[in-house]
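I have placed the structure first, in the form of structure tokens, so that the comments after it can refer back to it.
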Amino acid sequence: MRCSFLENNTDKKKVIFSGIQPSGNLTLGNYLGAIKNWVSLQDQYDCYYCVVDLHAITVKQQPKDLRSRTLEVLAIYIASGIAPDKNTLFIQSHVPAHSEASWLLNCSTYMGELSRMTQFKDKSKKFGESIGVGLFTYPILMASDILLYNTDLVPVGQDQKQHLELARDLAARFNSTYSDTFTIPDPYIAKVGAKIMDLQDPTKKMSKSEENPNSYILIMDPPEVIRKKISRAVTDSIGVVNYTDEQPGVKNLINIICAIKNTTPEEVVQSYLGKGYADLKKDTAEIIIEELAPVQERVKSLLSDKKYLEEIYKNGALKANYVANKTLRKMQKKIGLIPR
Ligand code: TYM
């Protein structure tokens with residue numbers, strides 16, 4: 001069989017890699033901080049969008065749920081507008097080079113640099129001594145994901161910036177130890193939407209692992225649930241719609257509107273002169289519903305056609321394996337492992 005991606009190697013577009021863990025149901029934070037930007041970048045770049053299932057197992061998963069969420073995440077990518085024929089969509093565990101490269105990079109990573117990762121520090125407070133080793137070394141797997149594709153740009157939310165800096169450091173270290181191998185990737189963090197906050201505590205990031213469901217909006221939440229959650233969003237007692245750090249709850253709702261409507265905070269504040277939080281909340285809910293409803297409909301129909309999804313992730317893995325293996329072989333050779 002002749003693979004179309006092999007015929008396409010004169011195409012010199014810059015490379016994008018990004019991924020989302022199927023570790024819980026995806027939130028509006030994942031959508032606005034990552035997926036929506038991926039859609040806008042797909043024409044200019046050669047994009048690899050991965051469902052990072054190996055990252056999800058750093059915490060305990062029910063096998064059945066992991067399987068169904070992995071497919072749902074893939075369906076969400078496509079339903080949000082990421083075209084399977086323009087991009088490489090695949091499942092991380094279908095490309096064994098990610099795990100292999102991760103071990104190779106493990107051997108040149110310092111305990112100190114992993115211990116400084118704020119996500120690890122936060123999680124270890126929760127788990128104490130019984131925190132999984134995978135949660136400690138996970139940024140190395142993320143670096144491997146990125147570096148195997150000679151990625152130029154990584155579109156992520158603000159919370160991944162530190163992990164990306166580690167990927168850059170590991171790439172530079174390998175290059176200087178063995179000779180030029182990896183492209184040094186740059187983060188792409190959009191101005192709005194990069195940090196959507198928790199609706200119940202707007203000083204922390206909206207997260208799919210939060211216990212209280214009123215803290216987040218899920219991409220698949222039905223309209224009435226979105227209305228209820230937004231109406232319960234914590235604001236303040238100032239009562240005037242302003243875009244300031246003193247009003248983090250209101251600021252968060254304005255950011256959500258800006259990320260969806262592609263407008264500025266100043267324009268939003270201007271349109272609420274003389275109006276209160278009830279109006280702001282009502283409109284925010286409707287704007288979210290309008291954005292997510294077509295995505296939800298397409299997700300449901302994609303999930304009813306598992307054959308189609310299978311064709312996409314298998315084709316994606318074919319190309320991803322080809323590119324990733326080429327980089328992995330280079331790494332192995334430079335380190336001194338005997339070629340297979
Ligand atoms: P994950 O699965 O936690 O989140 C996926 C993407 O969603 C963004 N995000 C947010 N953006 C704005 N506001 C929020 N509240 C919010 N919550 C999440 C994240 O920044 C991310 O872009 N380690 C990564 C997954 C990963 C990856 C990679 C990313 C693995 N390998 C290689 C890029 C490149 C993670 O746990 O993301």
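Ligands are counted one by one from 1 in listed order, and the atoms in each one are counted from 1 as well. Along the sequence shown, the residues carry numbers beginning at 1.
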Flag the pair Lys251 and Asp245 as a salt bridge only when some basic side-chain nitrogen lies within less than 4.0 angstrom of an acidic carboxylate oxygen. yes
Side-chain donor-acceptor pair under 3.5 Å between Tyr45 and Asp152, yes or no? no
Could you check whether Lys334 and Thr181, counting side-chain N and O atoms only, form a donor-acceptor pair closer than 3.5 Å? yes
Closer than 4.0 Å to some heavy atom of [X] - which atoms of ligand 1 meet that?
| X | result |
| --- | --- |
| Ala34 | 6 (C), 7 (O), 22 (O) |
| Ala194 | 11 (N), 12 (C), 13 (N) |
| Gly193 | 12 (C) |
| Tyr138 | 23 (N), 24 (C), 35 (C), 36 (O) |
| Gly33 | 11 (N), 12 (C) |
| Ser18 | 33 (C), 34 (C) |
| Gln21 | 2 (O), 35 (C), 36 (O) |

How does [X] reach ligand 1, by side chain, by backbone, by both or by neither, if only non-hydrogen atoms under 4.0 Å count?
| X | value |
| --- | --- |
| Val156 | both |
| Ile146 | side chain |
| Val154 | side chain |

Checking side chain to side chain donor-acceptor pair (under 3.5 Å) for the pair Gln42/Asn87: CA distance, chi angles, key distance, verdict? CA-CA 7 Å; Gln42 64 182 336; Asn87 306 281; 2.8 Å; yes
If I apply the N/O under 3.5 Å rule, does [X] come out as touching ligand 1?
| X | result |
| --- | --- |
| Met206 | yes |
| His163 | no |
| Gln160 | yes |
| Asp145 | yes |
| Gly29 | yes |

The option among Gly157, Ser207, Cys50 carrying the non-hydrogen atom nearest to atom 8 (C) of ligand 1 is Gly157
If we ignore hydrogens and angles and just use 3.5 Å, is the side chain of [X] paired with the main-chain N or O of [Y] as donor and acceptor?
| X | Y | result |
| --- | --- | --- |
| Gln162 | Thr118 | yes |
| Asn252 | Met197 | yes |
| Gln296 | Asp221 | yes |
| Tyr49 | Trp38 | yes |

If you count heavy atoms of other groups shown closer than 6.0 angstrom to [atom1] of [X], is the number above 12?
| X | atom1 | answer |
| --- | --- | --- |
| Lys14 | NZ | no |
| Asn262 | CG | no |
| Glu224 | CD | yes |

Considering non-hydrogen atoms of the protein only, which is the closest contact for [atom], and what is the distance?
| atom | answer |
| --- | --- |
| atom 19 (C) of ligand 1 | Asp159 OD1, 3.3 Å |
| atom 3 (O) of ligand 1 | Lys208 NZ, 3.7 Å |
| atom 4 (O) of ligand 1 | Asn30 ND2, 3.2 Å |
| atom 25 (C) of ligand 1 | Gly19 O, 3.6 Å |
| atom 13 (N) of ligand 1 | Ile196 N, 2.8 Å |
| atom 30 (C) of ligand 1 | His55 CE1, 3.4 Å |

Using ring centroids (six-membered ring only for Trp), state whether Phe120 and Phe136 fall under 6.0 Å. yes
side-chain contact (heavy atoms from CB on, under 4.5 Å) evaluation trace for Ile16 with Asp46: CA-CA 6 Å; Ile16 277 188; Asp46 180 12; over 6 Å; no
Answer with yes or no whether Gln92 contacts ligand 1, where contact means a heavy atom under 4.0 Å from a ligand atom. no
List the steps, then state whether side chain to side chain donor-acceptor pair (under 3.5 Å) holds for Tyr243 with Asn255. CA-CA 9 Å; Tyr243 189 76; Asn255 276 334; 2.7 Å; yes
